[in-house]
Structure formats: structure tokens, C-alpha cells
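Naming convention: chains lettered A, B, ... in sequence-line order (proteins, then strands); numbering from 1 in each chain.
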2 protein chains.
Amino acid sequence: MSKSQLTLTPVETAACCSPLLREPLSWAQAEQVMPLIKALADPVRLRLVSIVAASEGGEACVCDLNDAFDLSQPTISHHLKVLHEAGLLDRTKRGVWVYYAVRREVLADVAALLGGGA
Amino acid sequence: MSKSQLTLTPVETAACCSPLLREPLSWAQAEQVMPLIKALADPVRLRLVSIVAASEGGEACVCDLNDAFDLSQPTISHHLKVLHEAGLLDRTKRGVWVYYAVRREVLADVAALLGGGA
DNA sequence: CGCGTACATCGATGAGTGTCAATATTGACC
DNA sequence: GGTCAATATTGACACTCATCGATGTACGCG
């Protein structure tokens, strides 16, 4: 239940310019992107995404991420869960370690929706 | 005090590809964009931006915006204030009416930070 | 001046959420 | 099996925030 709830890709991204700027967003459309934008609307989570994306191989294990913040381990774990459930982060378990990777397509979709072409 | 607190334009947007995806965002950088992303992290506000942008002349008066939602007038006024103070909406008073317009450059900056090139 | 309309501000309230300490789960290793 | 390290989950608390009704301000008009 964490595959992808991104149904905005087919229509929105296909539109030539800027979806959000050309025609009024419906309530349903707005509700659909909210999990993504809300997930990014936190300094810790935004940095988590950035750190993970900029890591070697595009993935990072939780242990490394914990060290990057002055926050407790459960807090980081919670933020990663939010990002994962929003569909922004992929989760892979290797041995005792868990690696997260950024779904760049999803992030690109959000960006396209906001600023699109213009 | 509502000109532009967007100092991420000079450096970030100038970078070739995707700012957030190439190198780890600093805490200061993350804190700087947060007002913008947080402002967009609400279905009502996201739709407000969209409706305003898609309106004739790129602006809309509050009276029109009020009719577009099943919310009280103070609530809409509050959301518009948030968007305005975040720097996303311009505010112009003409007679008794107040018109809001989207600062597309600001929105484009946020989009560029997120999805950038890749 | 007085009245009505358009919009903003204030105060209160209920829902949501970021954070932590404590505890549970999972896997590696001896 | 027992123990330790890496993550996740739980429960609680403080704080933020979306929303409303009531009230305030500003402007146009007769």
C-alpha cells in the first residue's frame, strides 16, 4: 500500500505548460497532491530528501541520516516514514540496515505541477 | 516588508540541474524555503493560487475567491494573508476591492528547487 | 453625515503534528 | 540460545494551525 497514489502524472504533466497556473485546480486534484507537498513542508524532511538524493548511489541508510541531525532516532524514523508513505522515498532493507532512495519522478511531478513551464 | 525573502534565486537557480537533488540542503536553506512550501501545503491555499493565476489578467478580487469555497470570509482572508506574507501573492487595492495576483517567478523558484532539471 | 458593502483583525476552539523517552522488533554474530 | 546493534512503534506532551463568529476598518454613495 505504498506503490504510488500519483494519478496526476498522466494528465497534468502531459499538459504543455503550467497545470496549476493555467486552469483552476479542482478540490480533488488539490487533495491528491497534498500528501506530497505536506511531506515536503518540513525543514527536516526537505533536508532528508536532499541528503538522500545527494548521497552515493542515490540512497542512504538511516544510521547516516541520524547523524546529520540533532534529533532523536525515533524522530528521524518518523519523518522517513512520512516521506515513504507519501511516495517520495523508496525503502530497501539490506541486512540490519535500511536504505532510502528518492523517487525523482514523483518529485519532478510536484515541481512540474507548481512551476511547470512558465 | 513583503518584497521578497527569496535569496535562493541567485545561487540555486543558477546551478545547472536540480539544487535539492545534487547537494545536501543546509539547514539555513531549508528554513528559507519553508514559508513558501508551507504556504502551499494546504488544499485551500493551493487552489487559491491556482484560481488567481488562472483568472483574467492573472488577478482576482477577494469577493470572487470567497464564492469559490464553502468557507467563511475570514478564513479565506486568512489564507490570502498567509500566501501574501510568504511572497506568493501580490496585493492591490482598487476602490473597495482587493485584488491578488500570483508572483510566478517565486512559484517557479520553488519548482526549480524541487524538481529543477532532472 | 449615515448607511451599506468589501475586506481585515481578534479571540476561541478543536484538530493536527513534531518531538521525545520507553519499548518492541529484526537481524547478525558468537 | 543469548546478546548487541539498527530501526520501528507506542504513548504522551507541547505547540501549531485551520476554522469560525464577532467585531473593526475603509471606502463609496445618497
Side-chain angles (χ1 to χ4, degrees), chain A residues 1-2 25 27 30-31 33-52 55 59-101, chain B residues 1-2 25 27 30-31 33-52 55 59-101:
Chain A
M1 201 166 301
S2 57
L25 221 60
W27 177 80
E31 284 289 353
V33 220
M34 285 322 305
L36 292 172
I37 304 187
K38 273 193 156 70
L40 295 170
D42 179 283
V44 175
R45 288 197 289 264
L46 190 63
R47 289 194 59 204
L48 276 172
V49 169
S50 178
I51 294 175
V52 169
S55 296
E59 61 177 14
C61 90
V62 182
C63 54
D64 292 334
L65 299 174
N66 270 324
D67 298 342
F69 297 86
D70 261 357
L71 295 171
S72 70
Q73 174 264 324
T75 298
I76 300 296
S77 187
H78 164 250
H79 284 306
L80 288 170
K81 183 181 183 180
V82 172
L83 288 168
H84 175 235
E85 289 182 338
L88 280 164
L89 256 48
D90 262 340
R91 191 173 174 277
T92 310
K93 190 166 189 176
R94 278 203 292 272
V96 191
W97 292 274
V98 173
Y99 291 81
Y100 284 93
Chain B
M1 204 166 299
S2 57
L25 220 59
W27 177 81
E31 284 289 354
V33 221
M34 286 322 304
L36 290 172
I37 304 186
K38 275 194 155 70
L40 295 171
D42 180 283
V44 175
R45 287 197 290 264
L46 189 63
R47 289 194 60 204
L48 276 172
V49 169
S50 177
I51 294 176
V52 169
S55 297
E59 61 177 13
C61 88
V62 183
C63 54
D64 293 333
L65 299 174
N66 269 323
D67 298 342
F69 297 87
D70 261 357
L71 294 172
S72 70
Q73 173 265 322
T75 298
I76 300 296
S77 187
H78 163 251
H79 284 307
L80 288 170
K81 182 181 183 180
V82 172
L83 288 168
H84 176 236
E85 287 181 339
L88 280 163
L89 255 48
D90 262 340
R91 191 174 174 277
T92 310
K93 190 166 188 177
R94 279 203 292 273
V96 191
W97 292 275
V98 174
Y99 291 83
Y100 284 92

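Near DNA chain D, defined here as any heavy-atom distance below 4.0 Å, the residues from residues 92-101 of chain A are A/Val96, A/Trp97, A/Val98, A/Tyr100, listed numerically. A heavy-atom distance below 4.0 Å to DNA chain D is reached by these residues of residues 73-82 of chain A, ordered by number: A/Gln73, A/Pro74, A/Ser77, A/Lys81.
For the pair A/Arg45 and C/dG18, the criterion of a side-chain N or O lying under 4.0 Å from OP1 or OP2 is met.
The nearest whole Å value for the distance from the CG atom in B/Asp64 to the P atom in C/dA6 is 11 Å. Summarising the geometry, the separation between CG on B/Leu40 and C1' on D/dA18 is reported as 16 Å, rounded to the nearest angstrom. Here the C1' atom of nucleotide D/dA18 and the NZ atom of B/Lys38 are 15 Å apart, to the nearest Å. One can place CG of B/Asp42 at 13 Å from C1' of C/dA15, the figure rounded to the nearest angstrom. Between the C1' atom of C/dC7 and the CG atom of B/Leu89 lies a distance of 15 Å, rounded to the nearest Å. One atom, CG of A/Asp67, and another, P of D/dT7, lie 10 Å apart when rounded to the nearest Å. Distance CZ (A/Phe69) to P (C/dG18): 13 Å, rounded to an integer number of Å. Between the P atom of D/dT16 and the CE atom of B/Met34 lies a distance of 15 Å, rounded to the nearest Å.
Side-chain N or O atoms of A/Ser50 include none that pairs as donor or acceptor with a backbone N or O of A/Leu46 at under 3.5 Å. Side chain of A/Arg45 to backbone of A/Leu40: no donor-acceptor contact under 3.5 angstrom is found.
Going from atom OG1 of B/Thr75 over to atom CG of B/Asn66 covers 9.5 Å, rounded to the nearest 0.5 Å. Taking CG of A/Asp90 as the start and CG of A/Leu83 as the end, the distance is 12.0 Å to the nearest 0.5 Å. Taken to the nearest 0.5 Å, the CG atom of A/Asp67 stands 9.5 Å off from the CD1 atom of A/Ile76. Of the inter-residue distances, the one linking B/Asp64 atom CG with B/Trp97 atom CH2 reads 11.0 Å to the nearest 0.5 angstrom.
A/Asn66 comes within 4.0 angstrom of no nucleic acid atom, judged by non-hydrogen atoms across all strands.
Out of C/dT19, C/dC7, D/dT7, the shortest distance to the side chain of A/Val44 is found at C/dT19.
Annotation for A/Asp70: atom CG does not count as buried by contact number, only 12 or fewer foreign heavy atoms lying within 6.0 Å.
With a 4.5 Å cut-off on side-chain heavy atoms, B/Arg47 and B/Phe69 count as touching. Between A/Ser72 and A/His78 the shortest side-chain heavy-atom distance does not fall below 4.5 Å.
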